[in-house]
Amino acid sequence: MKNSKRTLTTGFGMPVDNDLNSVTAGAKGPVLIQDAHLTDKLAHFDRERIPERVVHAKGTGAYGYFEVTHDVTKYTRARFLSEVGKKTEVFARFSTVGGEKGSADSERDPRGFALKFYTEEGNYDMVGNNTPVFFIRDPLKFPDFIHTQKRNPATNLKDADMFWDFLSLTPEAIHQVTILFSDRGTPRDYRHMNGYSSHAYMWYNEKGKHNWVQFHFKTEQGIQNFTGEEADRMRNLDPDCATRDLHEAIKKGDFPSWRLEIQIMTPEQAEKYRFDPFDITKIWPHADFPPMDVGRLVLNRNPENYFAEVEQAAFSPANFVPGIAPSPDKMLQGRLFSYHDTHRHRLGSNYHLLPVNAPKASAMDSYQRDGAMRLDNNGGAGPNYWPNSFGGPDPDPALAPPAIDVSGLAARHAYELGDVDFVQAGDLYRKVMTDSDREHLVGNIVGHLKNAQKRIQLRQVSLFYKADPEYGTRVAQGLGLDMKEVQRLAGMSQDERVQATQQ
Ligand code: NDP
C-alpha cells in the first residue's frame with residue numbers, strides 16, 4: 001500500500017517495505033527477531049514517556065513577543081529593555097501546580113506563568129505564578145509542602161487532613177491560602193489572569209546602580225474566574241478547558257496580551273521597610289511602591305508539536321541577562337538550584353540544546369562539552385578549557401552585577417512568626433475583596449476544610465481569625481465550630497496552639 005510520494009523510513013533513514021505485518025515463520029507465527037523494524041518500533045514506543053515535572057506537570061504554551069513601551073534604562077542595562085519599541089521573541093508556558101499531567105485545568109491551584117525571552121544577551125526566564133505571594137518562605141519546606149498538595153502515600157488519594165495539617169502548622173501561608181480560596185484560585189483560563197514574579201529581583205544599570213524590583217504582568221483581557229461550583233463542573237465538562245482556550249484563541253487570531261508593570265524599591269528603602277521585602281509571603285503595597293509601565297507581552301503563535309516545544313520547554317529563574325540578578329529571597333535562592341536540576345533529571349544534561357530552550361537571538365559559546373545526547377558539534381576542534389591562548393571565548397568582567405553587602409552568622413535563622421504575618425491577608429479580606437468575593441472565599445474554604453479532622457479545622461480557623469475576626473468567625477460558623485475555642489486558640493502563640501490541637 002503506497003498512497004503518498006514519501007517513503008516511510010526507520011529512525012536511521014532506511015526505507016521500510018511493510019508497516020502492517022511483522023516478519024513471522026509461517027502465517028501463524030512465531031515472530032522472528034530478525035524483524036529489526038518491529039523491535040525498534042516497540043523499543044522506541046516503550047521509552048516515549050519522560051518523567052513528568054514534579055510540580056507544574058499539566059501545562060500549555062505559546063510563542064509571542066515582548067515590546068518595550070516605556071524607558072527603563074535608568075534602572076536596567078538589559079539590552080532587550082534598552083529602547084522603546086524594541087521587540088523580543090518569547091515563549092510562555094502556563095500550568096497548574098499540584099496536579100498530574102492528565103489533571104483538570106480548572107482545579108483550585110496557583111497557576112504557573114513562565115516566560116522565556118530569547119534576548120541578544122541569551123535567554124532570560126521569568127518563572128512566576130498568577131499569585132503575587134507564596135505559601136512558604138524557606139525552600140527547606142518546599143518538598144514537604146508539595147507532598148501535602150499531592151496524594152496520601154497510603155491511599156494515593158488527595159487528602160484534606162494532609163493539606164490543612166501542613167498549612168495550619170505553617171501560619172505564614174495564610175496570605176496565599178486566602179488568595180487560593182478566593183475565586184482567583186480558579187481562573188477561567190490562562191488568558192484572563194495576571195502573572196507575578198512573586199519574588200523581588202535586582203535590576204542594575206550601566207553605572208552599576210541597583211534597585212529591587214517586582215514584576216506584574218496584568219492581563220489585558222480582564223480578570224475572569226470560575227466560582228467554586230463552575231470550576232467543579234468544568235472538571236467534568238472539559239478537563240482541558242484552559243489548554244483549549246489558549247490554543248483556539250491564538251488559532252483564530254485573538255492574541256492574548258499582558259501589560260508589564262514593575263514596582264521599584266531602592267536599597268535604602270529595603271533596609272528600613274516595615275515588611276521584609278524579600279519575604280515571598282508578602283506583597284509590596286502599591287501605595288508605597290506605585291507600579292510603573294514597562295512593556296507589553298503578546299502571544300500570537302501556537303507550537304507545532306506539544307512534546308517538542310511545551311513538554312521539553314525548560315525554564316529556570318537562574319537564567320538571567322546582564323541588568324537582572326537575584327535578590328536574597330530565600331525561596332528564590334532554592335529555586336535557582338532546583339529548576340536546572342529538575343530539567344537535568346527530566347531531559348538530560350544537554351537540555352539547553354533542544355530548540356525551544358536554545359538561545360535564538362544570541363549564540364552559545366562555552367567550554368561545556370560532552371554528556372548524553374550532545375546534539376550540536378560539541379565545540380568542534382576549539383579549546384575545551386579556559387584560560388587558553390587559542391582564541392576561545394573569555395568572560396567579560398564589565399558585565400558583573402554590583403556587589404551587595406551581606407553579613408551575619410552562618411546559622412539556620414528562623415523567621416519569628418509575628419502579627420505582621422497576618423496583616424496582608426487581613427487587608428486583602430477587608431479592603432480589596434467585595435462582599436461577593438468574601439462570600440465565595442468563605443464558601444470555598446468551608447467546602448474543603450470540612451473534610452479535615454476537627455482539631456485541624458480549629459487550628460486553621462484560628463489563623464483566619466487572627467487575619468481578621470470576621471473572616472475567622474464566618475469560616476467557623478460555616479463549619480459549625482465552637483467560637484469560644486476558636487478565639488482561645490487565636491489568642492495563643494503558635495507553639496501553644498499546636499500543643500492544644502495535637503492528636
Ligand atoms: P491595592 O488596592 O493597591 O491593590 C490591590 C491588588 O489586589 C490589585 O493588584 C488587585 O489586582 C488585587 N486583587 C483584587 N482582588 C483580588 C483577589 N480576590 N485576590 C488577590 N488579589 C486581588 O492594595 P495594596 O497594594 O495595598 O494590597 C492590598 C492587598 O491586595 C494585599 O495585601 C494583597 O493581598 C493584594 N494584592 C496586592 C498586590 C500588590 O502587588 N500590591 C498584588 C495582588 C494582590 P488587579 O488590579 O489585577 O485586579
Side-chain angles (χ1 to χ4, degrees), residues 12 50 66 73 75-83 86-91 114-127 139 201-210 308-309 312-328 332-407 410:
F12 302 95
I50 61 172
F66 179 78
T73 51
Y75 297 116
T76 179
R77 65 181 297 170
R79 278 204 229 142
F80 80 104
L81 298 173
S82 64
E83 237 179 282
K86 188 161 187 171
K87 284 187 180 175
T88 300
E89 186 179 352
V90 168
F91 182 70
L115 303 175
K116 189 179 289 296
F117 297 77
Y118 298 99
T119 91
E120 67 262 53
E121 295 175 297
N123 293 350
Y124 167 59
D125 292 351
M126 203 295 304
V127 196
Y201 288 94
M202 180 198 280
W203 268 17
Y204 58 98
N205 65 15
E206 289 287 353
K207 295 190 184 117
K209 171 150 179 36
H210 79 275
E309 294 160 272
Q312 294 198 121
F315 300 84
S316 169
N319 286 342
F320 291 109
V321 289
I324 311 178
S327 74
L332 172 61
Q333 297 277 324
R335 295 177 73 208
L336 299 179
F337 160 73
S338 230
Y339 279 67
H340 278 309
D341 189 52
T342 202
H343 301 315
R344 287 181 196 110
H345 164 64
R346 260 181 356 104
L347 303 166
S349 58
N350 281 313
Y351 74 89
H352 57 288
L353 300 176
L354 294 166
V356 68
N357 300 325
K360 289 184 199 287
S362 67
M364 182 194 71
D365 201 355
S366 87
Y367 295 102
Q368 288 184 356
R369 294 291 186 273
D370 308 350
M373 304 304 292
R374 183 79 202 210
L375 306 171
D376 61 354
N377 80 340
N378 195 31
N384 61 357
Y385 60 93
W386 190 87
N388 65 73
S389 57
F390 290 96
D394 296 315
D396 180 356
L399 298 173
I404 57 167
D405 189 16
V406 292
S407 62

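Side chains are part of it too, since the values below use all heavy atoms of this structure and drop only hydrogens, waters and symmetry mates.
Formation of a donor-acceptor pair under 3.5 Å by the Tyr118 side chain with backbone atoms of Ala358 is not found in this model. Remark: the backbone N or O of Ala325 is not paired with any side-chain donor or acceptor of Tyr201 at under 3.5 angstrom. Judged by distance alone, the side chain of Tyr367 and the main-chain N or O of Pro387 form no donor-acceptor pair under 3.5 Å. His343 contributes a side-chain N or O that, together with a main-chain N or O of Phe315, makes up a donor-acceptor pair within less than 3.5 Å. In this structure a side-chain-to-backbone donor-acceptor pair under 3.5 Å is missing from Arg346 to Ala314. Counting only distance, with no hydrogens or angles, the side chain of Asp376 and the backbone of Asn378 share a donor-acceptor pair below 3.5 Å. Checking side-chain atoms of Glu120 against main-chain N and O of Lys360 turns up no donor-acceptor pair under 3.5 Å. Panel note: side chain Asn350, backbone Ala372; a donor-acceptor pair is recorded below 3.5 Å.
Heavy-atom minimum distance, Val356 versus Glu309: CG2-O, 3.4 Å. When every heavy atom of Gln368 is checked against every heavy atom of Arg374, the shortest pair comes out as O-NH1, 3.1 Å. Annotation for Gln333 and Ser327: closest pair NE2-O, 2.9 Å, computed over non-hydrogen atoms. The heavy-atom pair separating Gly323 from Thr76 by the smallest distance is O-OG1, 3.0 Å. Residues Ser82 and Thr73 approach most closely at O-CG2, 3.4 Å, considering heavy atoms. Residue Asn123 comes nearest to Asn357 through the heavy atom pair ND2-O, 2.9 Å, listed as atom of the first residue, atom of the second, then distance.
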Item checked: Audit row: Val321, Arg79, side chain to side chain contact (heavy atoms under 4.5 Å, CB included) steps and yes/no -> CA-CA 9 Å; Val321 289; Arg79 278 204 229 142; over 6 Å; no
Note to self: Would Phe80 and Val90 count as a side chain to side chain contact (heavy atoms under 4.5 Å, CB included) here? Give the steps.
What the structure shows: CA-CA 11 Å; Phe80 80 104; Val90 168; over 6 Å; no
Note to self: Pair Met126, Ile324 - check side chain to side chain contact (heavy atoms under 4.5 Å, CB included), show working.
What the structure shows: CA-CA 11 Å; Met126 203 295 304; Ile324 311 178; over 6 Å; no
Note to self: Evaluate Leu115 against Phe91 for side chain to side chain contact (heavy atoms under 4.5 Å, CB included), listing each step before the verdict.
What the structure shows: CA-CA 6 Å; Leu115 303 175; Phe91 182 70; over 6 Å; no
Notebook entry, point to check: Between Tyr339 and Asp125, is a side-chain hydrogen bond (donor to acceptor under 3.5 Å, both in side chains) present by the stated rule, with each step listed?
Noted result: CA-CA 11 Å; Tyr339 279 67; Asp125 292 351; over 6 Å; no
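Once rounded to the nearest 0.5 Å, the distance linking CG of Leu81 with OG1 of Thr119 reads 9.0 Å. The CG atom of Leu347 sits 11.0 Å away from atom CE of Met373, with the distance rounded to the nearest 0.5 Å. We find the CZ-CG distance between Arg369 and Asn384 to be 5.5 Å, quoted to the nearest 0.5 Å. Put simply, OG on Ser349 and NE2 on His340 are 13.0 Å apart, with the number rounded to the nearest 0.5 Å. The distance from the OH atom of Tyr75 to the NE2 atom of His210 is 14.0 Å, given to the nearest 0.5 Å.
With a 4.5 Å cut-off on side-chain heavy atoms, Leu336 and Phe320 count as touching.
Under the 4.0 Å criterion applied to side-chain N and carboxylate O atoms, Arg77 and Glu121 are not assigned as salt-bridge partners.
Counted within 6.0 Å of CE on Met364, heavy atoms from surrounding residues, nucleotides or ligands total more than 12; the atom is thus considered enclosed. The environment of OH in Tyr385 is crowded: more than 12 heavy-atom neighbours from other residues, nucleotides or ligands sit within 6.0 Å.
Between Phe66 and Phe117, the ring-plane angle classifies as perpendicular under the 30° and 60° cut-offs.
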